[in-house]
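Encoded as structure tokens, the structure appears first; notes follow it.
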Amino acid sequence: MYYVVTIATLVTMALALVRAVLGPTVYDRVLSVNMFGTKTVLLISVIAYLAGRPDFLDLALAYALINFIGVLAVLEFFKSRTARRLQEQSEREEN
Amino acid sequence: MQVVLDIISWVLLTAGGAFVLVGGIGALRMPNLYTRMHAASVTDTVGAILVLGGIMLQAGLTLATIKLAAILLFLLITSPTASYALANAAMIAGVKPEAGRAPDTEHDS
Amino acid sequence: MTVLFSVFLLTLLVITAIAAVQSRNLFVSVMLLGIFSLLIAANFLLLDAADVALTEAAVGAGISTVLFLGALALTFEREHRPTPHRWLSLAVVFAATLVVLYATFDKPKFGDPGAPVQVHVAPWYIEKTPEVIDVPNIVTAVLASFRGYDTLGEVFVVFTAGIGVLFLLSASHGHAAQRRPHNGDESKIGLRNDLIPRVVGRLLVPFILLFGLYVQFHGDYGPGGGFQAGALIAAAVILFALVEGEERTLEAIPRGALLALMVSGAMLYGLVGVAGIFLGGEFLNYSVLADDPIAGQHLGIILIEAGVGLTVTGVLLSIFHAFAARDRF
Amino acid sequence: MELLGIYHYWVFAVLLMIGFYAVVAKVNLVKKLIGLSLFQSAVFLLYITMGKVSGGTAPIFLKDMIDPVFSNPLPQVLILTAIVVGISTTALGLGIVVRIKEEYGTIEEDEIQEIDRR
């Protein structure tokens, strides 16, 4: 049964990768990175049981925590960029 | 008893796999960003709950179950937050939520 | 079956790498690099390298992305022009690929237990670890004790790189020295003013720190150790900086403290080695640290892993702050 | 099965060369560093692949293991430290790129050379 889940996860990862490559906006890519992260967590959990090594679950835990930081960092980045753009726009309008 | 648990866990795992797959297809096929997020969130919540729940039943009452519960808890906290932050950032940047096949206005700018 | 999964993941890996190189938008490349890191970590796991996968998880998906984005914020977001001499480069690379591919046919078969790599020192490490060091994680035993010299060198490389970044980025801007006025809008829109990520981020930071400490001190028994723990703890502090702002982070852990972490970690490692000499053994021989050689080994491994963790945390955070504090202009 | 085994090495070769292409052909310095990371990862993959023993498991003793077959721990040790060293050196490279941008106003290699020639 683990195989079914593993294959489903792998196919979903491939689909998410297609979305990441196609875009079209940067936010679509962030979405697929986030999806990819959670899929990796599931994949690692399943592989841990497939291989009979429950101690691999530490890895899944690390991913669940770290992926969030990566996504937040990217978003913070875009937000500050948007803010800068809006500011420049308003400055231009004032002049 | 063990057989019953096994059957429940198999059902959970298969259903989880199905949800993950459906979410993946949705994230690829949906017409614009917000609908794609809607599809992707299925994999992060229902998919994760079912898959990790299925593994938990297999693991029984061990340390591994607690770890799995922690993973599930963190996933359930973080992924909606990430989705929210993503939608918020996209909204501020001017990606419009429109029904139907809205042409994506901003291409990687 | 696992081999098939591996093949599938490797194929995705190649597609990601091509897309990352091909895209002219550098953001997209950095994000694809994040996906690349997730994929390669899953591969490491399938190839039985749990410790390596944990390191890649802690470093690749979080900190690497943050550092690249920090650099992009200070430079440009796009490549300015298409690649010049593209076909010439492609031809050269194609020829080189053929050579490397030809060489792969002489490689020992995948997973062959009789390959030269497997018969040289590895069996000795596997056999002697329970006897001489008695920790369950052989990787930690080799890293910290059998090959302690190597790790000492690596720690000093990390340390030196950290010092180098601090040197480079603490220099003042030559001709464009004027500081850009801090604009109000930027702080109004950032994550800092967003309640939900802020609350969740604050909630998660202690758990990541705790998990980092678990990885640090559980490294003898499961996947983990100083390198991974250092990266995880640094990631936790970076999360704090994202949701609470640079200033508050620097209030909590000032730059001097980070420098002290870097130095004390490297010093701790060196001093454990020197202590070995004073107690009548060789440099980095932990057996003499306690009455019982095995207890001595345990003590030595815990100490030097702590040193590694301190240095890695200090260096990664110093680098992060160095990039974040640089003005955009 | 033969081909499946060698596939890992092929992926290593292709990844190595993708990274190499980015380093030699791209003129953008950040892109070069991205290529360098890919190159690095390819080497990591090679080492870990070489250490795999079929039927083996991760080299960590569990309590209930009877006569386990372990994969080679040595490449894992080397690569584990190399990943952290890799990120530190990449950060150093990025620091240099940032300084170049501040002094030259560009991070495209050919533009920098033009400014130098003047």
Side-chain angles (χ1 to χ4, degrees), chain C residues 3 7 10 14 17-18 20-21 26 29 33 40 44 47-52 55-56 59 63-64 67 71 74-76 79-80 83 89 93 96-97 100-101 104 107 109-111 113 117-118 122 125-126 136-139 142-143 147 151 154 157-158 161 164-165 168-169 173 227 312 315 319, chain D residues 4-11 13-18 20-22 24-26 28 30-31 34-35 37-38 41 45 48-54 56-61 70-74 76-77 79-81 83-85 87-89 91-92 94-99 101-102 107-108:
Chain C
V3 179
V7 165
L10 288 170
V14 173
I18 292 174
V21 170
L26 292 169
S29 294
L33 210 59
I40 205 165
F44 287 153
L47 293 169
D48 296 341
D51 283 274
V52 184
T55 319
E56 183 68 45
V59 169
I63 291 172
S64 173
L67 291 183
L74 299 172
T75 55
F76 298 101
E79 286 179 50
H80 285 180
T83 317
S89 315
V93 168
T97 311
V100 181
L101 279 181
T104 58
K107 286 245 188 301
K109 233 174 66 210
F110 173 69
V117 212
Q118 324 291 12
Y125 285 142
I126 293 172
N137 189 345
I138 303 174
V139 176
V142 177
L143 175 95
R147 298 187 70 91
T151 312
E154 309 270 20
V157 173
V158 172
V165 173
L168 278 170
L169 293 186
H173 307 319
F227 285 101
V312 172
V315 168
I319 292 173
Chain D
L4 279 186
I6 216 165
Y7 190 76
H8 283 78
Y9 295 123
W10 284 1
V11 168
V14 172
L15 280 182
L16 193 76
M17 287 308 153
I18 292 169
F20 182 56
Y21 171 76
V24 293
K26 296 283 173 182
N28 186 296
V30 173
K31 203 53 169 289
I34 288 175
S37 319
L38 292 177
S41 299
L45 188 65
I48 301 295
T49 308
M50 303 265 275
K52 166 82 180 167
V53 177
S54 27
T57 179
I60 302 167
F61 285 101
F70 287 134
S71 287
N72 196 335
L74 188 56
Q76 302 189 13
V77 171
I79 294 314
L80 194 165
T81 52
I83 288 175
V84 179
V85 170
I87 184 68
S88 321
T89 45
L92 190 63
L94 287 172
I96 295 173
V97 171
V98 168
R99 290 292 294 143
K101 153 73 174 46
E102 285 170 0
I107 54 168
E108 309 283 319

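As a basis for the values below, the full set of heavy atoms in this structure was taken, side chains included, without hydrogen atoms, waters or symmetry mates. Remember, predicted model here, so these are calculated numbers, not experimental data.
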Grab the two heavy atoms, one from C:L168 and one from D:G95, that are nearest each other, plus how far apart they are.
-> CD1-C, 3.9 Å
Rounded to the nearest 0.5 Å, how far apart are CG of D:L15 and CG of C:L10?
-> 8.0 Å
Give a yes or no answer on whether the side chain of C:E56 reaches the backbone of D:S41 with a donor-acceptor pair at less than 3.5 Å.
-> no
Check whether C:I40 gets within reach of chain D through its side chain, its backbone, both or neither, counting any heavy atom under 4.5 Å.
-> side chain
Looking at D:I96, D:T89, D:I79, which makes the most heavy-atom pairs under 4.5 Å with chain C?
-> D:I96
D:V14: partners by side chain to side chain contact (heavy atoms under 4.5 Å, CB included), with sequence neighbours left out | C:V14, D:I18
Heavy-atom distance under 4.5 Å to chain D: side chain of C:V21, backbone, both or neither?
-> both
Examine whether an atom of C:V157 lies under 4.5 Å from a heavy atom of chain D, and if so say whether it belongs to the side chain, the backbone or both; otherwise answer neither.
-> side chain
Leading residue by heavy atom contact count with chain D [cutoff under 4.5 Å; candidates C:A49, C:P113, C:A161, C:A50] | C:A49
So which heavy atom on D:S88 is nearest to which on C:V158, and how close?
-> OG-CG1, 3.6 Å
Closest non-hydrogen atom pair, D:N72 against C:A122 | OD1-CB, 3.0 Å
From the list C:D51, C:I138, C:D48, side chain to side chain contact (heavy atoms under 4.5 Å, CB included) partner of D:I60 resolves to C:D51
Option that, when pairs with chain C are counted at under 4.5 Å, heavy atom only, ranks first among D:V77, D:I87, D:T49 | D:V77
Please name the pair of heavy atoms, one in D:L74 and one in C:Y125, separated by the smallest distance, quoted to 0.1 Å.
-> CD1-CE1, 3.8 Å
Do the side chains of D:I6 and C:K107 get nearer than 4.5 Å, heavy atoms only?
-> no
Could you tell me whether the side chain of D:W10 reaches within less than 4.5 Å of the side chain of C:L101, counting heavy atoms only?
-> yes
For the residue pair D:I34 and C:S29, what are the closest heavy atoms and their distance?
-> CD1-CB, 3.6 Å
Roughly how far apart are D:E102 CD and C:T75 OG1, rounded to 0.5 Å?
-> 10.0 Å
Which bit of D:Q76 is near chain C, if near means a heavy-atom gap under 4.5 Å: side chain, backbone, both or neither?
-> both
Relative to chain D, which segment of C:L143 carries a heavy atom at a distance below 4.5 Å: side chain, backbone, both, or neither?
-> both
Got a second to check how far C:L47's CG is from D:L45's CG, nearest 0.5 Å?
-> 7.0 Å
One should read off an interatomic distance between D:L92 CG and C:L67 CG, to the nearest 0.5 angstrom, of 11.5 Å
For D:F20, look at atom CZ and say whether over 12 heavy atoms of other residues, nucleotides or ligands are found less than 6.0 Å away.
-> no
Side chain, backbone, both or neither: which part of C:L33 has an atom under 4.5 Å from a heavy atom of chain D?
-> side chain
Where on D:I107 is there a heavy atom nearer than 4.5 Å to chain C: the side chain, the backbone, both, or neither?
-> both
Can you check whether D:K52's main-chain N or O pairs, donor with acceptor, with C:Q118's side chain at less than 3.5 Å?
-> yes
Atom CZ of C:F76 and atom NZ of D:K101: how far apart are they, to the nearest 0.5 Å?
-> 4.5 Å
Of all the heavy-atom pairs spanning D:F61 and C:I126, show the shortest one and how long it is.
-> CZ-O, 4.2 Å
Is it the backbone or the side chain of C:V117 that comes under 4.5 Å from a heavy atom of chain D, or both, or neither?
-> both
